[in-house]
Number of protein chains: 2
Amino acid sequence: MSDNREKFLLTASALMEKQGYCGTGLNEILEKSGAPKGSLYYYFPDGKEQIASEVALRAGKIISGRIQERTRDQPEAGKAIHEFLYTVALRMEETEFHTGSTITMVAMESVAQSQRINQACREAYGMIIDAFKGVLLNRGMEEAKAVGIAEMIVAAVEGGIMLSRTYQSADYLRRVADHIRQMLDSKIN
Amino acid sequence: MSDNREKFLLTASALMEKQGYCGTGLNEILEKSGAPKGSLYYYFPDGKEQIASEVALRAGKIISGRIQERTRDQPEAGKAIHEFLYTVALRMEETEFHTGSTITMVAMESVAQSQRINQACREAYGMIIDAFKGVLLNRGMEEAKAVGIAEMIVAAVEGGIMLSRTYQSADYLRRVADHIRQMLDSKIN
DNA sequence: GTCTATACGGTGATAGAC
DNA sequence: GTCTATCACCGTATAGAC
């Protein structure tokens with residue numbers, strides 16, 4: 001829990017979110033973090049692979065945490081998730097669309113690169129799916145149905161983020177959010 | 001339209017689909033394609049950037065073409081798209097999940113890398129969205145509605161492919177396909 | 001915990017001969 | 001059209017001093 005370790009991981013997250021795993025060099029992370037060069041392999045003895053794994057897990061924790069927090073006060077599932085996704089869209093605009101896809105960036109490359117990173121990405125996505133599932137369960141949806149719908153939400157949202165990133169317009173994600181809300185409202189039957 | 005140029009582009013497509021833009025080296029493409037080393041910058045004077053752009057555009061053409069062909073004989077939109085997506089799922093299983101995401105792989109990295117590649121990815125996604133839109137229009141859906149739904153389909157499918165890739169299970173994509181069919185059938189009202 | 005130095009292979013790209 | 005040689009730079013990782 002050292003300060004320099006934390007600084008390093010934070011910078012690595014930002015850079016990999018923007019450029020991906022292969023596109024981000026250790027030297028670049030070192031530079032931008034301002035962390036001491038000598039301590040890299042002290043904190044991360046397994047090198048880049050370990051760093052990327054921790055970046056993915058960290059993102060999974062943060063995002064699932066945000067989902068829980070920001071949906072807490074809204075009793076309707078559709079409205080709660082819709083509001084959350086709109087804040088994500090806003091954040092994408094504020095960060096020049098270099099945000100909202102840490103896990104995706106690392107996950108896509110990991111399949112051909114590293115078993116360890118791939119496993120971390122699975123766990124990270126698992127946390128997010130579980131978070132959405134929790135929102136649905138708390139509003140009275142039955143377990144079996146909630147898992148499937150939570151997966152659908154994650155798929156649609158990740159795709160929407162990807163389109164928004166490519167076209168540099170958060171409206172793709174917003175339309176996905178609108179559709180999800182509409183779907184959830186109709187599923188209440 | 002030389003043979004060696006074609007060989008080269010084909011190999012580049014396969015490798016970038018698997019490993020992404022930064023993760024794929026020109027030397028690797030050269031080796032695996034068997035194309036002559038000396039002709040790389042003769043066919044692609046703008047280097048890697050040009051290659052990736054052509055890879056993305058090529059993928060857009062191929063995929064949109066497949067959508068048109070394989071949905072032609074099925075009069076119901078929901079069923080047609082569902083069947084198409086199931087063939088994609090099958091193909092993912094057959095290729096160890098290194099398939100179905102050429103544009104996505106290149107697109108995610110391109111935003112921070114190259115304006116030119118990014119533009120090519122927009123056009124490529126445009127072709128795919130148009131292809132799905134065409135399927136819906138041909139079955140009688142009105143224009144304005146069709147664009148939005150086509151975008152939703154692409155978002156959900158891309159997200160589903162990404163989850164399938166990460167978890168090495170085509171069932172994520174299949175569940176997305178099931179959901180899309182259900183959605184389209186209900187939209188007929 | 002942090003530093004410096006360094007090893008070693010790889011990267012995209014270019015020049016000039018044939 | 002293709003080849004070879006070569007460029008300058010970058011990548012990750014390690015060793016050993018402090």
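Below, chains carry the letters A, B, ... as their sequence lines are ordered, and counting in each starts from 1.
Heavy-atom nearest nucleotides on DNA chain D were determined for A:Glu28 and for A:Pro45, and the one closer to the 5' end corresponds to A:Glu28.
Rounded to a whole Å, the CG atom of A:Leu30 is 13 Å from the C1' atom of C:dT4. Spacing between atom NZ of B:Lys37 and atom C1' of C:dG10 amounts to 13 Å, rounded to whole angstrom units. Atom OH in B:Tyr21 sits about 13 Å away from atom P in C:dT11, given to the nearest Å. Rounded to an integer number of Å, the gap from CZ of B:Phe44 to C1' of C:dT14 is 18 Å.
Contact record, A:Met162 with B:Met108: CG-SD, 3.2 Å, taken as the closest heavy-atom pair.
Ring-plane geometry between A:Phe8 and A:Phe44 is classed as tilted, the angle between the planes lying from 30 to 60 degrees on a 0 to 90 degree scale.
Side-chain contact annotation: A:Gln19 with A:Glu28, donor-acceptor N/O pair under 3.5 Å present. Judged purely by distance below 3.5 Å, without hydrogens or angles, the side chains of A:Asn4 and A:Tyr42 never pair a donor atom with an acceptor atom.
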Only distances under 3.5 Å count here; give the side-chain donor-acceptor pairs of residues 65-72 of chain A to other protein atoms, sequence neighbours excluded, each with its distance to 0.1 Å.
from: A:Arg70; atom 1: NH1; to: A:Thr87; atom 2: OG1; distance (Å): 3.2
from: A:Thr71; atom 1: OG1; to: A:Ile67; atom 2: O; distance (Å): 2.6
from: A:Thr71; atom 1: OG1; to: A:Gln68; atom 2: O; distance (Å): 3.4

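Contacts between chain A and DNA chain D, taken as any atom within less than 4.0 angstrom of a protein heavy atom, begin and end at D:dG11 to D:dT14.
Within 4.0 Å (heavy atoms only), A:Asn27 reaches at least one base atom of the nucleic acid. Using a 4.0 Å heavy-atom criterion, one finds that B:Tyr43 contacts the sugar-phosphate atoms exclusively.
The pair B:Arg58-B:Glu6 meets the salt-bridge criterion, with a side-chain N (NZ, NE, NH1 or NH2) lying under 4.0 Å from an Asp/Glu carboxylate O.
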